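Remember, it's a predicted structure, so these values are computed and weren't measured experimentally.
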Amino acid sequence: MTKADIVSNISEAKGVEKAEVQAVVEAFMEEVKNSLENGKNVYLRGFGSFIIKRRAEKTGRNISKNTTIKIPAHNIPAFKPSKMFVESVKKSVKTK
C-alpha cells in the first residue's frame, strides 16, 4: 500500500476531499519526522511507537577491497507496534 492508496481509502471512507486528507497525512508524517530528529519518541496508544534506536560501533568488512572498516555508533528511527496491533495482525493474516 502506498501513501496515495492510504489517502484514497481515507477520503472514500470519511467523505473528505483527497487534497485535505493528503495535507493531513503529510503533516502527520512531517511531525513524526521532526519529533524523531529532535530526539523525541512518538507514542500512539493502541497503534505503536516511533522510537530512536542506538546502534553500537562495530567492525564491518569491505569485501571488494578485503579490508575492515569501523562503522561508528549511530541512531536510527524504528517502529515498535503495540501489543494490540500485533495481536490483531496475528489473527487477521494467515501464515503461508
Side-chain angles (χ1 to χ4, degrees):
M1 180 176 255
T2 64
K3 183 170 44 169
D5 295 334
I6 292 170
V7 168
S8 180
N9 289 350
I10 293 172
S11 177
E12 289 173 17
K14 301 298 178 188
V16 181
E17 291 290 326
K18 281 187 181 181
E20 292 177 39
V21 175
Q22 173 109 14
V24 171
V25 169
E26 300 247 349
F28 170 77
M29 293 185 336
E30 189 66 29
E31 195 60 36
V32 169
K33 182 179 149 200
N34 289 340
S35 292
L36 292 175
E37 286 174 349
N38 291 323
K40 299 177 189 170
N41 294 333
V42 178
Y43 304 101
L44 302 173
R45 190 178 307 266
F47 184 72
S49 303
F50 294 93
I51 58 175
I52 300 167
K53 283 190 172 183
R54 177 144 180 86
R55 296 281 189 225
E57 182 180 285
K58 63 183 179 180
T59 304
R61 293 201 49 82
N62 182 342
I63 296 171
S64 64
K65 293 182 180 178
N66 197 23
T67 58
T68 59
I69 56 172
K70 271 214 192 278
I71 301 169
H74 58 281
N75 295 320
I76 61 163
F79 176 74
K80 183 178 182 206
S82 72
K83 289 181 182 178
M84 290 176 9
F85 184 23
V86 169
E87 290 302 318
S88 174
V89 171
K90 280 183 181 178
K91 285 184 207 172
S92 300
V93 179
K94 305 286 187 227
T95 56
K96 294 180 181 182

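Between Phe28 and Phe50, the two ring planes are perpendicular [angle over 60°; tilted spans 30° to 60°]. Note: Phe47 and Phe79 have tilted aromatic rings, judged against thresholds of 30 and 60 degrees for the angle between ring planes.
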- prompt: Step by step, would you call Asn41 with Ser49 a side chain to side chain contact (heavy atoms under 4.5 Å, CB included)?
  reply: CA-CA 7 Å; Asn41 294 333; Ser49 303; over 6 Å; no
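Residues Val16 and Met29 fall within the same hydrophobic cluster, defined by Ile, Leu, Val, Met, Phe, Trp and Tyr side chains chained together at heavy-atom separations under 4.5 Å. Ile76 and Ile51 fall into different hydrophobic clusters, where Ile, Leu, Val, Met, Phe, Trp and Tyr are joined by side-chain heavy atoms under 4.5 Å apart, directly or via other members.
Pairing each heavy atom of Val42 with each of Ser35, the nearest pair is CG2-CB, 3.7 Å. The two atoms that bring Ile69 and Arg61 nearest to each other are CG1-N, 4.4 Å, heavy atoms only.
Counting heavy atoms from C-beta on, the side chains of Asn34 and Glu37 come closer than 4.5 Å. Side chains of Lys40 and Ile52 form no contact here, defined as non-hydrogen atoms less than 4.5 Å apart. A 4.5 Å side-chain heavy-atom check between Asn9 and Met1 finds at least one atom pair inside the cut-off.
Taking a 6.0 Å sphere around CD of Glu17, one finds it holds 12 or fewer heavy atoms contributed by other residues, nucleotides or ligands. Within 6.0 Å of the CD1 atom in Ile63, the count of heavy atoms belonging to other residues, nucleotides or ligands does not exceed 12.
Using modelled atom types, one finds no donor on one side chain facing an acceptor on the other under 3.5 Å when comparing Ser8 with Asp5.
One distance of note links NE2 of His74 with CZ of Arg54; it measures 9.0 Å at 0.5 Å rounding.
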